[in-house]
Every structure is written in structure tokens, then in C-alpha cells.
Amino acid sequence: MPAQTKSKRTTKPHTAKRHAKHHKTSKHYLKTYWPYLPIFLIIAVGLFFGTPRETSKQGVLAYSTEISSKQLLSSTNSKRSENGKSSLQINETLSAAAQAKANDMAMNNYWSHYTPNGEAPWIFIDHAGYNYMKAGENLAYGFATSKDTVTGWMNSPTHRANMLDGAFTEVGFGFANAEDFNNSGQETIVVAMYGQPSGNETSQVAAASSNDAGFTSASSQEPGSKSVALIQNLTAGNAPWITFVVGLISGFLILFVFVKHGFAVKRALIHGEQFVVHHPFLDIAFVSFVMIGYVLSQTNGFIR
């Protein structure tokens, strides 16, 4: 009897199937996150416009191409008229004194009412031969136009007081270019000298009630340098506190966005597109406000 042989059944070894989840960028994923793409564009545009850039200013009378004595006088008298003060008249002797001071500042590279030798600005008025009962001085640099310069002065109580002082009836302006003024590059220095001519009894009475004005011949202490932001110029000097308010709101919004997305990052890494950061358009609005605030808070010029 033939021997029976068992047929061998060949079986394939059991292999475990791998179940690996591969993240796939689906339409749902794009729909979820595409609203955040404008945020990066907003930030890029804000940084571009908010970053100071060197511009070519050669071939003109002043680096700030729209600054002139005529425009400075017009803007000054406009502010005085708005505040019920009589208009100032240009005095050529005062203008010569202001121009001499501007030239001296550009030549010796100093940002002060006093010269490096400690001489008060009234020395320039005396040398020019202007006789006065009272005199005042405002300084500025970094502004692009005469109107911006005057508005910058309106943002400071002491400079505003000089401009609106009822004792002053005359004014002189001077401006000079400096290649690298105060380590700020090419700048136009602007000097305004206000005067109450001697021999005017009516003006003497006015002067007695305005000794609390800005830096004048009766002052004993020089005011410090102040920066003026773009947003302060846009508000025409009526809201000198606006920079602080914008900075405070921007800081709060930045903190809110960082805290919100700080918690979101961990969940987003774990759950992928299943986790949706809600209200993307609110984030876009917040970031837009912050970047606009950043641009408007950039320094537009300096006054002293």
C-alpha cells in the first residue's frame, strides 16, 4: 500500500499592515488657513513703510525740499490765527540771526540752543543788531515740509507757547543743510527766532504776562530734545498724547494675539487641520491696527 504523503500547504507569513497617517493638504486645510496669509503681507508692508530709508536729496536748496521762510511764516500765522493771536511779520535782521544760528549748528554739528562754547542763542541776535525787549527760539530738524515743522512745534507746550506768544510781533527763519547732523545723515536744520522789538510799551505789558512761554531770553533752563511722530503731525498738534495711546492699544493687541496663538500652536501640532484657530479675520484686524500704529509712530522729526 503506497505510503500517503501529506501535502504541504505553503502559507505566506502574516504581515501586519502599517497604518501611517500622512498629512495631506486638503481643500479643507487651505480653506482653514488661507485667511492668515494676508497677515504676513500686512506685516511686510508695514515694515517696508515703517523702516527709515535714505533718499537722494541732492540738487535742491534744502534736503527737506518744501521748507522755506514764506511757508514757515504762513503756517505759523495760520496757527496764531486759529488761537486768536495777531500775525507775525518777517524781520530781515531776525532772519539773519536765525540763519547765522542754523549755519553754526550745521558747521559745528550740535543740537542745542546753546553753542558748544556755552553761548546763548541771543548772541546771534545781538551780533545781527536786533534790539529787543524779549526774544524766543524754536529749533527743528528731520521734517520734510514747513507745515510739518510748525505742526511739530505745536506738539510741544514750550514750543507752542513761543509760537503763540502775544508779546512777539516779529519772526525770522533760517535753515541749513548738514551732511551727517547729529548722526542722523543728511538733515535740514530749521531755526525760528521770535522777537518783541524794544520801544513798544504795549508789547512790554504783554511780555509781563507771558514769561512762562517757551525758551526765551528770560529762560534759565534749556528744554530737552523731543521727537515728533508721524501720527502727531497728522493730528495737527491737537493730540500730543496720541502716540502713547496707540502704543498702549498696540501692545495689548500684540499680547492678546501671542497668548491666543501660543495655546493654539500645541493643539495645532497634535491635531493638525482638525484644530481650527477661530476668528482669523479678527486677527487680521488686530495685526493691521498694530502695523498701522507702528508706521504712524515712526519719528517724523525732532524739536528743541
Side-chain angles (χ1 to χ4, degrees), residues 67-102 104-105 112-114 119-141 143 146-175 189-224 226 228 236-238 240 301 303-304:
I67 288 182
S68 69
S69 295
K70 182 179 180 180
Q71 292 171 335
L72 287 168
L73 178 64
S74 176
S75 296
T76 297
N77 283 336
S78 177
K79 295 299 181 183
R80 286 177 68 90
S81 177
E82 292 173 5
N83 288 273
K85 305 295 182 180
S86 59
S87 297
L88 300 177
Q89 301 296 322
I90 285 286
N91 181 280
E92 296 301 330
T93 306
L94 268 181
S95 291
Q99 188 61 54
K101 174 63 180 293
D104 193 62
M105 291 177 68
S112 172
H113 288 286
Y114 290 91
E119 295 175 316
W122 328 124
I123 191 71
F124 295 95
I125 297 179
D126 294 336
H127 286 169
Y130 182 81
N131 297 316
Y132 60 92
M133 290 292 297
K134 181 181 179 182
E137 181 183 70
N138 281 355
L139 305 177
Y141 80 88
F143 296 95
S146 298
K147 183 178 180 181
D148 285 349
T149 303
V150 171
T151 303
W153 285 331
M154 288 294 289
N155 275 280
S156 163
T158 56
H159 296 80
R160 179 189 180 100
N162 263 349
M163 289 181 55
L164 304 182
D165 194 328
F168 295 138
T169 58
E170 298 176 333
V171 65
F173 299 106
F175 47 88
I189 305 162
V190 182
V191 177
M193 287 189 170
Y194 310 91
Q196 173 199 0
S198 59
N200 190 330
E201 295 181 359
T202 303
S203 294
Q204 293 178 33
V205 175
S209 62
S210 59
N211 285 331
D212 59 341
F215 188 70
T216 68
S217 52
S219 303
S220 58
Q221 186 175 2
E222 179 182 24
K226 298 180 180 178
V228 179
N238 295 319
I303 58 176
R304 190 159 198 168

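Keep in mind the model is a prediction, meaning the values are calculated, not measured.
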>> Any non-hydrogen side-chain atom of Asp165 less than 4.5 Å from a side-chain atom of Gln196?
In response: no
> How many angstroms lie between atom CZ of Phe175 and atom CD of Gln99, to the nearest 0.5 angstrom?
Replying inline: 7.0 Å
>> Please check this pair: side chain of Asn138 against backbone of His159, looking for a donor-acceptor N/O pair closer than 3.5 Å.
In response: yes
> Where do Tyr194 and Lys134 land on the side chain to side chain contact (heavy atoms under 4.5 Å, CB included) test, with the steps shown first?
Replying inline: CA-CA 8 Å; Tyr194 310 91; Lys134 181 181 179 182; over 6 Å; no
> Looking only at atom types and distance, does a side-chain atom of Arg80 sit under 3.5 Å from a main-chain N or O of Met163, one as donor and one as acceptor?
Replying inline: yes
>> Counting C-beta onward and ignoring hydrogens, is there a side-chain heavy-atom pair between Ile189 and Leu139 closer than 4.5 Å?
In response: no
> Can you tell me how far the OG1 atom of Thr76 sits from the CG atom of Leu72, to the nearest 0.5 Å?
Replying inline: 6.0 Å
Donor-acceptor pairs are to be reported for all side-chain atoms of residues 84-93 against protein atoms at under 3.5 Å, with residues two or more places apart or in another chain.
from, atom 1, to, atom 2, distance (Å)
Asn91, OD1, Thr93, N, 2.9
Asn91, OD1, Leu94, N, 2.9
Asn91, ND2, Glu170, OE1, 3.4

> Do Met193 and Phe124 come within less than 4.5 Å of each other through their side chains, counting heavy atoms only?
Replying inline: yes
> Between the side chain of Lys147 and the main-chain N/O of Ser74, is any donor-acceptor distance below 3.5 Å?
Replying inline: no
>> Do Ile67 and Gln71 make a side-chain contact, defined as non-hydrogen atoms from C-beta onward lying under 4.5 Å apart?
In response: no
> About how many Å separate NZ of Lys101 and CD1 of Ile125, when rounded to the nearest 0.5 Å?
Replying inline: 9.5 Å
> How about Trp153 and Phe215: are their ring centroids closer than 6.0 Å?
Replying inline: no
